Engineer: 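This structure is in structure tokens; I'll ask about it shortly.
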Amino acid sequence: MLNGQVDPQFRADVQKGLRGPRRAISARWLYDRRGSELFDEITRLPEYYPTRVETELLAKIGTELQEHIGTSGAVVEFGAGSVTKTPLLLRAVRPTAFVPIDISGDYLRAEAASLSGEFPDLLVSPVEADFTGAVALPAAIADMPKLGFFSGSTIGNFVPRSAVNLLRNMRQTLGEGAMLLIAFDRVKPLDLLIPAYDDAAGVTAAFNLNLLERINRELDGTIDISSFAHKAIWNDRESRIEMHLRAGRDMEFSAAGEDFAIKAGESIHTENSHKYDLRSARILLSAGGWTAKAEWSSDDDGFSLILAEAMPVYDAP
Ligand code: AVJ
């Protein structure tokens with residue numbers, strides 16, 4: 001929320017998303033200030049392995065990664081970076097320039113400031129944009145070899161069709177010949193997967209329920225939040241964890257100037273987190289114009305980083 005102004009897209013998404021019969025609200029609205037704090041807390045939970053495992057993996061593969069891509073050039077990071085993961089990559093690659101792309105200018109300025117201490121010679125050139133579309137990069141890096149970085153297994157938030165669009169746009173943004181280091185969370189036993197999205201301390205539940213708080217706060221909602229419950233379910237057909245908010249009783253409420261009703265047991269779908277095996281990850285990349293060149297996985301094969309290249313595309317066999 002900027003200066004008390006509500007994002008009109010949030011209003012429209014909530015109006016459409018609460019109407020039913022398939023109630024769903026885009027996961028991007030989970031990340032207001034409070035939601036981002038809660039996600040930060042999630043990354044430190046014992047059950048939430050992705051952040052920890054990816055950080056360890058990045059620290060381990062540094063030298064090998066450098067051999068694949070060489071030094072110099074520009075690293076382009078898609079989406080909110082991390083204060084631990086991004087420096088690990090920059091230390092390994094030692095690029096001339098670093099271009100973080102994020103929708104939040106505040107976030108970008110904070111990241112640029114925190115990096116300038118450790119990397120005084122690095123040209124940091126943030127771009128405030130929606131990275132799901134093609135992005136115009138700063139002219140200063142036009143002639144540099146480029147490495148895209150898409151961490152966190154955030155690709156999993158997108159249904160395959162949107163994930164492919166995103167990968168194609170990344171290719172458009174970075175250009176043919178560019179490389180992309182991208183994280184995929186892997187399919188794994190449910191006794192590991194479910195607790196990662198439904199932790200004992202209830203932080204993920206609070207993260208999910210905060211969406212309703214945000215609707216009440218920003219869109220004058222009258223939702224009885226205590227009558228909703230966080231659910232994390234495995235959708236095997238779609239190979240994904242889904243977060244839902246399930247109504248515990250029949251309810252009527254208003255939000256964004258409209259009236260809504262929901263019955264006990266019905267739910268609002270709030271997030272997808274797709275899990276891949278290496279073959280499906282390669283096919284997804286390939287559909288987006290990227291060829292996997294190297295792969296690194298955690299010891300238990302629970303999480304992978306893939307280095308892909310935007311090679312010329314040949315459609316014929
Ligand atoms: C930020 C999209 C990688 O899907 O694991 C964590 C978000 N949601 N717990 C994920 C999330 C619930 C996270 N990503």
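Note that ligands are numbered from 1 as they come in the structure, with each ligand's atoms numbered from 1 the same way. Since we're looking at a predicted model, the values are computed, not measured.
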Engineer: Taking only residues two or more places apart in sequence or in another chain, which ones pass side-chain hydrogen bond (donor to acceptor under 3.5 Å, both in side chains) with T63?
Structural biologist: none

Engineer: Compute whether any side-chain donor of one residue and acceptor of the other, for N272 and N157, lie under 3.5 angstrom apart.
Structural biologist: no

Engineer: Return a table of N or O atom pairs, ligand 1 on one side and protein on the other, at distances under 3.5 Å, rounded to 0.1 Å.
Structural biologist:
| unit_1 | atom_1 | unit_2 | atom_2 | d |
| --- | --- | --- | --- | --- |
| ligand 1 | 4 (O) | S273 | OG | 2.7 |
| ligand 1 | 5 (O) | Y48 | OH | 2.5 |
| ligand 1 | 5 (O) | Y197 | OH | 2.6 |
| ligand 1 | 8 (N) | E271 | OE1 | 2.6 |
| ligand 1 | 8 (N) | E271 | OE2 | 3.4 |

Engineer: Just to verify, what does R22 make a side-chain hydrogen bond (donor to acceptor under 3.5 Å, both in side chains) with, not counting sequence neighbours?
Structural biologist: none

Engineer: Aromatic ring centroids of Y276 and F303 under 6.0 Å?
Structural biologist: no

Engineer: Indicate, with yes or no, if the rings of F131 and F150 have centres closer together than 6.0 Å.
Structural biologist: yes

Engineer: Who are the salt bridge (Lys or Arg N to Asp or Glu O under 4.0 Å) partners of R279, not counting sequence neighbours?
Structural biologist: none

